[in-house]
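Some notes on the structure that comes next.
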Amino acid sequence: MDETIHIDSKLGKRLSKIKKTDSRAIVFKGKKIPLVSKIILGRSKKNDIVVDDNMVSRTHCLIQKIKEDYFIKDLNSSNGTFVNTLRVPNDKYVKLQKGDIIHLGKTELTMI
């Protein structure tokens with residue numbers, strides 16, 4: 001059975017009308033990491049992104065997609081989470097923008 005979707009078919013025409021969303025990623029240690037619905041960052045190996053930095057809490061913060069936007073939330077870390085030098089309040093979500101610099105301890109991540 002041929003499962004190819006042809007552009008001129010009814011389904012192909014409907015699919016071509018779907019708007020592509022701008023996918024976001026963060027750059028961490030020179031590597032681009034695509035963002036998904038929810039990513040937890042911290043020192044513990046149980047996190048989605050492990051940050052080897054003594055100034056970072058075991059479970060430090062999370063980045064979460066809500067609708068088409070991304071937000072960061074500090075998870076009551078010892079040393080705080082910063083976006084563009086501004087501290088993220090505990091238990092509050094802060095919207096992330098392309099180009100934002102995130103600081104966890106001595107570690108820097110960039111939204112792209």
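Side chain of Asn47 to main chain of Arg58: a donor-acceptor pair is present (N/O by atom type, distance under 3.5 Å, no hydrogens or angles).
When hydrophobic side chains of Ile, Leu, Val, Met, Phe, Trp and Tyr are connected at separations under 4.5 Å, Ile101 ends up as a singleton with no cluster partners.
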Check against side chain to side chain contact (heavy atoms under 4.5 Å, CB included), Asn79 and Ser57:
CA-CA 8 Å; Asn79 296 311; Ser57 295; 5.9 Å; no
Before you tell me yes or no, could you show the steps for Lys65 and Lys38 under side chain to side chain contact (heavy atoms under 4.5 Å, CB included), namely the whole-Å CA-CA distance, both residues' side-chain angles and the distance that decides it to 0.1 Å?
CA-CA 6 Å; Lys65 183 177 183 181; Lys38 184 178 178 182; over 6 Å; no
Working note: Tyr93 + Gln64, criterion side-chain hydrogen bond (donor to acceptor under 3.5 Å, both in side chains); need CA distance, chi angles, decisive distance, verdict.
CA-CA 9 Å; Tyr93 285 91; Gln64 185 168 359; 3.1 Å; yes
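Crowding of Arg87 atom CZ: a count of heavy atoms from other residues, nucleotides or ligands under 6.0 Å exceeding 12.
Note that NZ of Lys98 and CZ of Arg24 are 5.5 Å apart. Values are rounded to the nearest 0.5 Å. If you take CZ on Phe71 and SG on Cys61, they are separated by 15.0 Å, rounding to the nearest 0.5 Å.
No chain of hydrophobic side-chain contacts below 4.5 Å, direct or via other Ile, Leu, Val, Met, Phe, Trp or Tyr residues, connects Val50 to Leu35. Taking hydrophobic clusters as Ile, Leu, Val, Met, Phe, Trp and Tyr residues chained together by side-chain heavy-atom distances below 4.5 Å, Tyr70 shares a cluster with Val36.
Residues forming a side chain to side chain contact (heavy atoms under 4.5 Å, CB included) with Ile33 (at least two apart in sequence, or on another chain): Ile26, Phe28, Ile49. When the side chain to side chain contact (heavy atoms under 4.5 Å, CB included) test is applied to Val88, the partners found at least two apart in sequence or on another chain are Ile72, Asp74, Thr81, Val83, Val94. Under the rule for a salt bridge (Lys or Arg N to Asp or Glu O under 4.0 Å), the partners of Asp69 that lie at least two apart in sequence or sit in another chain are Lys95.
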Kindly list each side-chain donor-acceptor pair under 3.5 angstrom involving residues 39-46, sequence neighbours excluded, with atom names and distances?
{"unit_1": "Arg43", "atom_1": "NH1", "unit_2": "Val56", "atom_2": "O", "d": "2.4"}
{"unit_1": "Ser44", "atom_1": "OG", "unit_2": "Lys46", "atom_2": "N", "d": "3.1"}

Under 3.5 Å, side-chain donor or acceptor atoms of residues 105-112 against the rest of the protein: list the pairs with distances, not counting sequence neighbours.
{"unit_1": "Thr107", "atom_1": "OG1", "unit_2": "Asp53", "atom_2": "OD2", "d": "2.9"}

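Nearest heavy-atom pair, Ala25 versus Pro34, reported as atom, atom and distance to 0.1 Å: CB-CA, 3.8 Å.
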